[in-house]
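Contents: one structure, followed by commentary.
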Amino acid sequence: MEALQELAARVLHSGMLSTLMLLLRAVTAVLALAVIRKSYTSFKKGQRRKDPVILLEDEETGEQFPVLYWENSIGRAKSCDIQIPDAAVSRDHAVLMRREEGWMIADTGSKGGTRMNGRWIQSPTVVEIGDGFTMGETTLVLRRAENVPPKRRRIFTGFTKTAASPFALMTLVTLVQGSMALQLTVGTGTLHLYPLALFALLFLVGWGLYFFSRRVLRRVSFEVETVALLLSSIGIMLVGGQGFSAVVTQCAAFVLGVFLFCIFVWFLGDLERVQRMRLIAAGAALLLFAANLLFGTEINGSKNWILIGPVSVQPSELIKIAFIFVGASTLDRLQTKKNITGFIAFAAGCLACLFVMRDFGTALIFFATFLIIAFMRSGSFRTIFLILAAAVFGVFLILQFRPYVAQRFMGWGHVWEYAQESLGYQQTRTLTYIASGGLFGMGLGNGVLKYIAAADSDLVFGMLCEEQGLMMGLTVLFALVLFVLYARSDVTRSRSTFYAIAACAASGMMLFQAALNVFGPTDVLPLTGVTLPFISAGGSSILSTWGLVAFIKASDERTYGARRAGRRRAREEYEPEDDDRGRMGTRWDEPGMFAEDADDGWEDVWTKDRKGGREE
């Protein structure tokens with residue numbers, strides 16, 4: 001026994017083991033980058049082409065207007081999806097949208113009103129093929145989009161037409177998890193067994209989500225979840241380098257976050273339910289802020305924590321979900337000033353609470369998200385300019401009456417002059433240890449930055465680069481950037497404007513928060529003290545991040561409009577085609593579609609349910 005222990009000690013302290021661990025870290029970073037790249041290219045290849053769904057034809061001139069989106073604003077303004085050159089038409093006159101009942105037309109408070117087949121409409125009205133609706137002096141007739149030449153994709157999505165198998169991508173994620181667990185088990189010079197428990201948890205939850213989504217719910221897409229699981233795994237293993245006790249809360253929050261994700265994606269599937277709940281969500285958010293102000297505990301200068309026994313909760317993290325939910329609840333009232341006024345009041349209330357709590361970093365995140373939502377809902381640069389002017393005036397008042405706020409940023413750009421003081425201590429250490437990590441890091445648990453205060457939260461990017469290398473740090477940032485590209489690509493294909501706005505706001509919030517977390521400790525921006533999504537320690541942050549990912553998942557029209565069918569059914573409907581539609585055998589027809597399973601090497605085939613013409 002003693003001989004075995006001595007042999008194990010020699011192996012753990014040998015130079016060969018250090019070399020193997022360095023190679024393992026390099027391979028891990030490459031695998032993580034491959035997962036992220038393949039997930040995005042698979043997402044692009046699986047999308048429906050942006051071809052006209054239906055057409056609107058001017059009854060008098062015969063001019064045709066292609067309808068590309070599930071919700072389309074119609075009016076005289078250039079910001080409208082369908083611009084009508086008619087002086088009698090309001091700037092934002094009406095909305096043509098796809099709902100469960102079919103295509104519907106809704107007037108958005110125009111001056112002249114809208115008539116459907118000669119009758120004035122007061123509420124959203126179903127439009128059938130051949131029906132005409134009149135705005136001003138123009139009558140538009142709904143036509144089928146027949147004989148419209150398909151458009152080729154202009155974006156490069158890889159050298160192959162076949163999308164990566166979700167099963168293969170999840171296998172790569174498992175390899176990354178196993179690699180990091182092995183690093184943590186033997187890479188510190190001491191044998192640890194708890195990383196095996198972390199690996200088991202990540203394996204069970206990840207593959208459980210995969211089989212629930214792919215086999216039970218029969219969803220065709222799993223790219224967003226794959227990237228989220230990868231980033232969560234990196235964060236848990238990184239925090240696990242501080243010891244098992246440091247990562248228990250992270251693991252529990254991860255499990256709850258995945259559960260919240262599943263529930264929230266289901267909840268967002270019913271737009272009528274979303275519309276009913278937006279006022280309740282707004283009220284709950286403000287009540288949670290009030291509870292924070294009354295019962296909150298001040299930590300590090302910010303009163304943004306509520307302590308419940310041994311558990312601490314940060315309400316502002318959870319309110320991020322409600323903030324986007326309320327702000328994106330535009331539904332069938334597109335581009336109307338009346339509709340955005342309530343959200344401005346709600347946002348002002350949230351920001352006021354954050355300033356009272358002195359949580360300025362979170363306030364910046366909320367404000368940046370507010371600008372995204374306000375612009376997408378109003379389509380007006382003038383509105384955004386007025387909001388920014390008001391914000392600048394507010395900052396001026398804060399600096400006049402709260403001068404201590406400015407003192408927090410005195411070290412910005414001069415951190416090396418305050419290297420031994422609070423104004424520059426954390427930043428200088430972060431910069432030093434990022435450099436010491438090199439390209440592939442020193443190994444999980446071998447870093448020194450973890451001994452600095454807030455290393456696993458506000459300074460976690462430095463900790464990630466020190467222990468896993470700059471390549472892994474940039475890979476994580478690349479993944480967060482791709483969430484924005486996911487959302488941006490879904491804007492024109494989402495079933496509702498609600499999904500489009502929510503996805504862009506959620507991805508924008510995560511990216512802006514990541515920018516503050518990375519650029520603050522590296523002295524590019526003032527240090528504000530915010531977490532890095534998925535990576536930083538903190539249960540509230542993990543829950544919030546998975547809730548935000550649910551918005552991105554819901555915006556993908558395949559989430560609710562498509563599901564996987566059996567092999568025989570798909571082959572009976574269509575034979576695989578090798579064309580320019582993104583990948584081998586991929587077809588998008590009506591909103592109800594099915595897809596073949598690709599896990600076992602079968603071709604992906606999209607077909608429509610033709611039973612009685614009913615759409616699933």
Side-chain angles (χ1 to χ4, degrees), residues 35 38-48 70 100 162-173 205-230 232 257-271 273-274 482-483 486-487 489-490 493-496 498-500 502-503 506 546-567 569-570 573 582-583 585-609 615-616:
V35 170
K38 288 181 177 293
S39 294
Y40 181 69
T41 55
S42 294
F43 171 81
K44 293 297 297 182
K45 290 172 181 176
Q47 283 186 313
R48 171 177 59 88
W70 296 89
E100 297 297 330
T162 305
S165 165
F167 182 86
L169 290 177
M170 274 300 298
T171 301
L172 289 179
V173 171
V205 174
W207 283 102
L209 177 61
Y210 173 85
F211 283 107
F212 176 72
S213 178
R214 296 279 293 170
R215 304 296 182 184
V216 178
L217 300 181
R218 303 189 68 80
R219 289 179 180 148
V220 300
S221 60
F222 199 74
E223 299 92 354
V224 172
E225 296 96 321
T226 299
V227 177
L229 288 169
L230 173 68
S232 295
V258 172
F259 180 74
L260 172 65
F261 170 83
C262 295
I263 296 297
F264 203 36
V265 170
W266 164 81
F267 175 82
L268 294 173
D270 188 336
L271 288 174
R273 179 168 54 212
V274 168
L482 284 187
F483 275 128
Y486 279 133
S489 185
D490 272 335
R493 296 176 175 88
S494 294
R495 293 193 308 152
S496 168
F498 167 77
Y499 296 124
W546 274 95
L548 296 179
V549 172
F551 286 120
I552 302 174
K553 177 66 176 179
S555 72
D556 187 348
E557 61 181 339
R558 298 174 296 171
T559 299
Y560 305 114
R563 57 177 178 167
R564 297 165 60 244
R567 181 175 186 176
R569 167 69 179 279
E573 293 283 354
R583 59 178 174 177
T586 301
R587 295 190 63 142
W588 281 84
D589 294 279
E590 295 295 329
M593 290 157 290
F594 298 84
E596 179 74 33
D597 186 0
D599 290 353
D600 298 320
W602 302 341
E603 297 293 347
D604 279 6
V605 182
W606 296 76
T607 67
K608 62 182 178 182
D609 184 5
E615 295 176 349
E616 293 291 316

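Keep in mind that what you see is a predicted model, and the values were worked out from it rather than measured. Position 1 is the first residue of the sequence; numbering continues from there.
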Fill in: Residue pair Y40, V227: steps toward the side chain to side chain contact (heavy atoms under 4.5 Å, CB included) verdict
CA-CA 9 Å; Y40 181 69; V227 177; over 6 Å; no
Worksheet item: Partners of S39 by side-chain hydrogen bond (donor to acceptor under 3.5 Å, both in side chains), sequence neighbours excluded?
Response: none
Worksheet item: Would a 4.5 Å heavy-atom cut-off, applied to side chains only, mark L229 and L209 as touching?
Response: yes
Practice prompt. Could I get the full list of side-chain hydrogen bond (donor to acceptor under 3.5 Å, both in side chains) partners for W266, not counting sequence neighbours?
Written response: none
Discussion item. Within this structure, what is the CG-CZ distance for the pair D556 and F43, rounded to the nearest 0.5 Å?
Written reply: 5.0 Å
Worksheet entry | Member of K553, R219, R214 meeting the side-chain hydrogen bond (donor to acceptor under 3.5 Å, both in side chains) criterion with E225 | K553
Fill in: Verdict with reasoning, L169 to F222, per side chain to side chain contact (heavy atoms under 4.5 Å, CB included)
CA-CA 9 Å; L169 290 177; F222 199 74; over 6 Å; no
Practice prompt. For S232 and W546, work out which heavy atoms get closest and say how close.
Written response: OG-NE1, 3.2 Å
Worksheet, complete the sentence: Rounded to the nearest 0.5 Å, the NZ atom of K38 sits from the CG atom of L172 at a distance of 7.5 Å
Worksheet item: Considering residues at least two apart in sequence or located in another chain, which fulfil the side chain to side chain contact (heavy atoms under 4.5 Å, CB included) criterion with F212?
Response: V216, L217, C262
Discussion item. Angle between ring planes, W207 versus Y210, binned at 30° and 60°: parallel, tilted or perpendicular?
Written reply: perpendicular
Discussion item. Can you confirm whether more than 12 heavy atoms, excluding those of F259, are under 6.0 Å from its CZ atom?
Written reply: no
Discussion item. The criterion is side chain to side chain contact (heavy atoms under 4.5 Å, CB included); which residues satisfy it with L260, sequence neighbours excluded?
Written reply: I321
Worksheet entry | Atom of A550, atom of F264 and distance for their closest heavy-atom approach | CB-CD2, 3.6 Å
Discussion item. Strictly distance-based, threshold 3.5 Å: is any side-chain N or O of S165 a donor or acceptor partner for the main-chain N or O of F167?
Written reply: yes
